[in-house]
**Student:** 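Have a look at the structure that comes next, please.
Values reported hereafter were calculated over all heavy atoms of this structure, with side chains retained and with hydrogens, waters and symmetry mates removed. Index from 1, following the sequence.
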Amino acid sequence: GVRYRWLTDITYEEIQNEYKACDVVVFPSLHEGFGLPLIEAQAVGRPVVTSTVCSLPEVGGDGAIYVDPNNPEEIADAIASLTDDEQLWESTVRRGRENLARFEPKTISEQLAGIYRQTLGMND
């Protein structure tokens, strides 16, 4: 009973519009290098349901609901909890937007510079 469409070769604007058109972004990945869809969803104000595996908890931070990607019932329950509980939906969206600050270019460049300084034995 889940409606979905398989989209390929779409523009970034079309991707943003797809995120905006949905109620919840569900990303129960089993193998992931980073998990950019979590950040994209949080950037447009959509709650995220994602996996407890790989890098996804580090990427989603406190702004996502985590599930076992091999457990369809747990995934369905998480989706239902967001669509049935307006306060949970709103707090998940709020925490997702707060999570985005970690991925601002200035923040990332400062962290990377700090790693270089540490590696080279330089003090701030």
**Student:** Applying a strict under-4.5 Å side-chain criterion to I, L, V, M, F, W and Y, I'd like to know whether I10 and Y12 cluster together.
**Tutor:**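 Per the 4.5 Å side-chain linkage, I10 and Y12 are not co-clustered.
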
**Student:** Under 3.5 Å, side chain of S51 to main-chain N/O of P69, donor-acceptor pair present?
**Tutor:**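 Not at all, since once roles are kept as given, no pair shorter than 3.5 Å links the two residues.
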
**Student:** Going by the side-chain hydrogen bond (donor to acceptor under 3.5 Å, both in side chains) test, which pairs reach into residues 15-32, not counting sequence neighbours?
**Tutor:**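 Matches after skipping sequence neighbours: R5-E18, Y19-E40, S29-E32.
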
**Student:** Hydrophobic clusters here meaning ILVMFWY residues chained together by side-chain heavy-atom distances under 4.5 Å, can you tell me if L100 and V93 are in one?
**Tutor:** no

**Student:** Provide the full list of salt bridge (Lys or Arg N to Asp or Glu O under 4.0 Å) pairs with a residue in residues 69-95, sequence neighbours left out, each pair given once.
**Tutor:**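 Sorted pair list: R94-E98.
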
**Student:** So which atom in P57 and which in V53 form the shortest heavy-atom distance, rounded to 0.1 Å?
**Tutor:** CD-O, 3.5 Å

**Student:** Are there over 12 heavy-atom neighbours, none belonging to Q118, within less than 6.0 Å of that residue's CD?
**Tutor:**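 No - once you tally the heavy atoms of other residues, nucleotides and ligands closer than 6.0 Å, there are 12 at most.
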
**Student:** Please find the pair of heavy atoms, one from G45 and one from W89, that lie closest to each other, and give the distance.
**Tutor:** O-CH2, 3.9 Å

**Student:** Can a side-chain donor-acceptor contact be found between T11 and E14 if the only test is distance below 3.5 angstrom?
**Tutor:**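 Note: E14 and T11 side chains meet the donor-acceptor criterion.
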
**Student:** Do L36 and L30 share a hydrophobic cluster, counting only Ile, Leu, Val, Met, Phe, Trp and Tyr and linking them when any side-chain heavy atoms are less than 4.5 Å apart?
**Tutor:** no

**Student:** Write down the atom of R102, the atom of E58, and the distance for their closest heavy-atom approach.
**Tutor:**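 Nearest pair, atom of R102 first, then E58: NH2-O, 2.6 Å.
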
**Student:** Do I79 and V25 belong to the same hydrophobic cluster, where Ile, Leu, Val, Met, Phe, Trp and Tyr are linked whenever their side-chain heavy atoms lie under 4.5 Å apart, directly or via other members?
**Tutor:**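 Different clusters: I79 never reaches V25 through Ile, Leu, Val, Met, Phe, Trp or Tyr contacts under 4.5 Å.
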
**Student:** Under 4.5 Å between side-chain heavy atoms, counting indirect links through other Ile/Leu/Val/Met/Phe/Trp/Tyr residues: same cluster for M122 and L112 or not?
**Tutor:** no

**Student:** For atom CG of D68, is the number of surrounding heavy atoms from other residues, nucleotides or ligands below 6.0 Å larger than 12?
**Tutor:**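 Buried by this count: over 12 neighbours within 6.0 Å.
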
**Student:** Has the side chain of T92 got a donor or acceptor atom that lies under 3.5 Å from a matching backbone atom of P47?
**Tutor:** no

**Student:** Does L82 reach the side chain of I65, with side-chain heavy atoms less than 4.5 Å apart?
**Tutor:**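 Yes, their side chains come closer than 4.5 Å.
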
**Student:** About how many Å separate CZ of R97 and CZ of R46, when rounded to the nearest 0.5 Å?
**Tutor:**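 That separation rounds to 8.5 Å.
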
**Student:** Between V24 and T83, is a side chain to side chain contact (heavy atoms under 4.5 Å, CB included) present by the stated rule, with each step listed?
**Tutor:** CA-CA 8 Å; V24 176; T83 57; 4.1 Å; yes

**Student:** Got a second to check how far T50's OG1 is from I75's CD1, nearest 0.5 Å?
**Tutor:** 9.5 Å

**Student:** Go through F34 and I39 one step at a time and tell me if the side chain to side chain contact (heavy atoms under 4.5 Å, CB included) criterion holds.
**Tutor:** CA-CA 10 Å; F34 180 75; I39 301 302; 4.1 Å; yes

**Student:** Is there side-chain contact between Q111 and T107, with heavy atoms separated by less than 4.5 Å?
**Tutor:**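 Yes, at least one pair of side-chain atoms sits under 4.5 Å.
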
**Student:** Answer yes or no: is there a donor N or O on one side and an acceptor on the other, between the side chain of Q42 and the main chain of V48, under 3.5 Å?
**Tutor:**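 Pair absent, no side-chain N/O of Q42 close to backbone of V48.
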
**Student:** Just wondering, do L56 and L38 contact through their side chains at under 4.5 Å, heavy atoms?
**Tutor:**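 Result yes, sub-4.5 Å side-chain heavy-atom pair found.
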
